[in-house]
Structures are given as C-alpha cells and as structure tokens.
Amino acid sequence: MKSKIKLPQIIISLFMLSLFVLAGFLKMNIPELVSGSFVKFVMNGVLVLAMIPMINAGVGMNFGLPVGIVAGLLGMCMAIQLRVTGIFGFITAILLSIIPAVVFGLLYAKILNMVKGKEDIAAIFIGYSFIPIMNFVWTVIPFSNREMLYPVGGEGLRPKISLENYFGNVLNELFVVKIGEIVIPLGLLGVYAIICLLIHFFFKTKYGTVMLAVGENEKFCQLSGIKINKVRTTAIVLSTVIGAVGICVYAQTYGFVELYNAPLSHTFPAVSVILIGGCIGKRATIFHAILGTYLYQTIYLLSAPIANAILIPQMSEIVRMIITNGIILYAFLKQKRRK
C-alpha cells in the first residue's frame, strides 16, 4: 500500500518551511528549534499511532483515547509507588500499563460493538465519561508514596506528579548525538521507530490483513466467515494499549504525570494529526502518522516564538491557536472521502 503526499500536505509543509525561514530572518536559534521539533515529534507521535488500528478495522477515529491514556497513567503511578527509576522504571511503567489497557480496551470494545455506525459519537462520550470515574479513583486509590499524595492530609493523588526522581527524560537523554548545534535524541527516536515497526509488521501478518479487509468491506468479510466483532475488539484493544504506551513516552519527556482531566486534552490533537497526515476514509498508515505529527507539532512549536517576536507577547498564544486550528480545518476540508 503506497502513501502519497497530496496537495494539502504539500501546502502545509511549505507553510512549515516558511516559518523556519521567517525564524531565520528574526535571528532565532534554528538548531535549537530543529532539536525541539524532534522531541515534540516523538513526545506526541506515539499517541497518534493509537489511531491506526481502529481506523483500519473500520471502527473510526479513536475518540476514546483517554481510556488508553488512563491505563498508562495508572501504570506510571504504580511504577512510582514501587520507586523504580531510570530506564528500568520506564519499562516497568509500560508493562504495568498493558494489563489495565487490555481490560479497559475490552470494555471499550464491547460498547463500541453494540453501537455500530455511531462509534465516533459513542467513543467521545466514553472518553468524557471515563475521566470523571477515574477522578474519583485518583482520590481514593491507596498509594503511599508521599511524592504522589497531596501534602495536606496525605490522601489522594496530586494533579501533577514529578518524574524527576524516577524516569523523567530517560529516553531523551539516551544515546544523544550532536550534529553541529543540532541535538538528536536517538534513544527517543529509536523507541518511536520500534513501535512503528511493530505496528507495520502486525499489519503484514495474516490477522493484520484480515483487519484491513474488515475495514474495507465488512459485509464481504462477514459472508466469508470472519468474526467481525472479534477483529474489531482486537483493533480497539491494540489502540488502547498503544495509547497507554504513548502517554508513558509523553510523560517522561514532559517530566510530569498529569492526572484528573488532563487526558482529555490529547484526543482531538491526535485525531487532527492523522487527518493532516493525509488519512483517507478507512485507511491510515504509519506514513500518515509520521508526516502529520511532524507537520503539526513543528508548526505548533514555531508559531508561538515567531508570533511573540512580531506581535505583543499576549497575542502569541492566540496566534498559535489560530494557525494550528486553521491547518487542521484546511486538511480536513481537503480530504477526499473513499467511496
């Protein structure tokens, strides 16, 4: 399956390059911006990969991404409770995330299989309903590590938990290479590449091919004896697990575990990125995720300092939101729907 760059992606790419040129004219530190774009790319990129299995299985966009994110947060909290640090702590957090991700994913799949044709709407409500439930859980869960708890009373998890003493920036600082003034985090990029390869090879397997076929023509597959709900469930669970891993990668880069309503802020950017990358209809590829993530995150990274230099500082965030949401709308309007 070939992925081609179409006109919307070319125009958005040219816009990104024009921002780099403008940043050069404004005498900004271009190597620092390029280095930052690599970090932002991987930091958010794994969460975008969580869209691929569900789209390819014909379930739709993973608007229930917070379900997977919560599983990842739970895994990281357990790793902090166990006081494991460094790369081992990060791996422990991921392993501990997989179990709740599978359980949550099965429940998520059961609901979506009951509302076929309305998955996107149902997934949004699942995501928004699941967060208040977990908000209650975060306040009563019996963790004892004082670094995680509210300082007053010593009960309930803090909204933001520091990873500085555990596995914060562990991937960012792994195998770092400098080319001139540009810093390339090979460890971070390597983990992202491994996840991409695992997803790529999964869709090359017999079961992955069946999943793609179900996404293309569900009725034909049903007549061929394929258990549609089983395939859809696998795709939803896989997306949930990738979402859990994605938030672990995000948090170690950010340096904090954000609980309570924070997971809701990741869903629409991830959906937008896969659209910007050129996702069409019921088919999404690794290429769409990579291209969309780099374009979106780099433009997001560049727009604020440029707006800050040209306009008054208070206007920078407003301009950033106008630009990023504008390119999302443009990419969405230019998508050609698969018939």
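Heavy atoms only: backbone and side chains are in, while hydrogens, waters and symmetry mates are out.
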Which atom names give the shortest non-hydrogen contact between [X] and [Y], and what distance separates them?
X      : Y      : answer
Cys77  : Phe143 : CB-CE1, 3.7 Å
Thr293 : Gly45  : CG2-CA, 3.6 Å
Val46  : Val245 : CG1-C, 4.3 Å
Pro66  : Leu264 : CG-CD2, 4.1 Å
Ala284 : Asn56  : N-OD1, 2.7 Å
Glu155 : Tyr150 : O-CD1, 3.5 Å

Distance in Å, [X] [atom1] paired with [Y] [atom2], rounded so as to fall on 0.5 Å steps:
X      : Y      : atom1 : atom2 : result
Leu291 : Cys279 : CG    : SG    : 12.0 Å
Ile286 : Ile195 : CD1   : CD1   : 10.0 Å
Leu17  : Ile299 : CG    : CD1   : 9.0 Å
Leu163 : Asn169 : CG    : CG    : 9.0 Å
Lys178 : Ile182 : NZ    : CD1   : 12.0 Å
Leu174 : Gln252 : CG    : CD    : 9.5 Å

Please tell me if the side chains of [X] and [Y] come closer than 4.5 Å, counting only heavy atoms from C-beta onward.
X      : Y      : result
Val102 : Thr240 : no
Phe88  : Thr85  : no
Met61  : Met54  : no
Met76  : Ile247 : yes
Ile80  : Val257 : yes
Thr209 : Lys206 : no
Met16  : Tyr296 : no
Leu238 : Phe202 : yes

| request: Begin with the C-alpha distance, continue with both residues' side-chain angles, and end with the deciding distance and a verdict on side-chain contact (heavy atoms from CB on, under 4.5 Å) for Leu19 and Ile306. | output: CA-CA 8 Å; Leu19 288 179; Ile306 290 176; 3.9 Å; yes

Is the [atom1] atom of [X] crowded by more than 12 outside heavy atoms at less than 6.0 Å?
X      : atom1 : value
Leu223 : CG    : yes
Ile121 : CD1   : no
Lys227 : NZ    : no
Lys110 : NZ    : no

Is [X] reaching over with its side chain to a backbone N or O of [Y], donor-acceptor style, under 3.5 angstrom?
X      : Y      : value
His288 : Thr285 : yes
Gln81  : Ser144 : yes
Ser265 : Ala262 : yes

Find out if a path of hydrophobic residues (ILVMFWY) with successive side-chain heavy-atom gaps under 4.5 Å connects [X] to [Y].
X      : Y      : answer
Tyr207 : Ile236 : yes
Ile194 : Ile52  : no
Ile228 : Tyr108 : yes
Met211 : Leu197 : no
Phe15  : Ile30  : yes

| request: List the steps and the verdict of side chain to side chain donor-acceptor pair (under 3.5 Å) for Glu119 and Asn113. | output: CA-CA 8 Å; Glu119 291 94 341; Asn113 284 335; over 6 Å; no

| message | Walk me through whether Tyr300 and Asn44 qualify under side chain to side chain donor-acceptor pair (under 3.5 Å). | response | CA-CA 12 Å; Tyr300 191 82; Asn44 296 275; over 6 Å; no

| field | Pair Phe130-Phe104, ring pair (Phe, Tyr, Trp, His ring centres under 6.0 Å): steps then yes or no | value | CA-CA 10 Å; Phe130 192 61; Phe104 295 160; 5.1 Å; yes

| Without hydrogens or angle criteria, can the side chains of Thr253 and Asn172 be said to hold a donor-acceptor pair below 3.5 Å? |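 Distance-only check passes for Thr253 and Asn172.
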
| task | Return yes if a side-chain donor-acceptor contact under 3.5 Å exists between Ser162 and Glu147, otherwise no. | result |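 The answer is no; no qualifying pair exists.
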
| query | Is any NZ, NE, NH1 or NH2 atom of the basic residue among Arg158 and Glu258 found under 4.0 Å from an Asp or Glu carboxylate oxygen of the other? | reply |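 Judged by the 4.0 Å cut-off on N to carboxylate O distance, Arg158 and Glu258 do not form a salt bridge.
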
| Aromatic rings Phe38 and Tyr294: how do their planes relate, parallel, tilted or perpendicular, breaks at 30° and 60°? |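 Phe38 and Tyr294: tilted rings.
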
| task | Please step through side-chain contact (heavy atoms from CB on, under 4.5 Å) for the pair Thr267 and Ile69, ending with a clear verdict. | result | CA-CA 10 Å; Thr267 305; Ile69 290 175; 5.6 Å; no

| request: Take Tyr192 and Leu49, measure what side-chain contact (heavy atoms from CB on, under 4.5 Å) needs, and give me the verdict at the end. | output: CA-CA 10 Å; Tyr192 181 77; Leu49 295 175; 3.8 Å; yes

| query | When you look at Leu186 and Val176, which way does the side-chain contact (heavy atoms from CB on, under 4.5 Å) test go after all the steps? | reply | CA-CA 6 Å; Leu186 290 182; Val176 175; over 6 Å; no

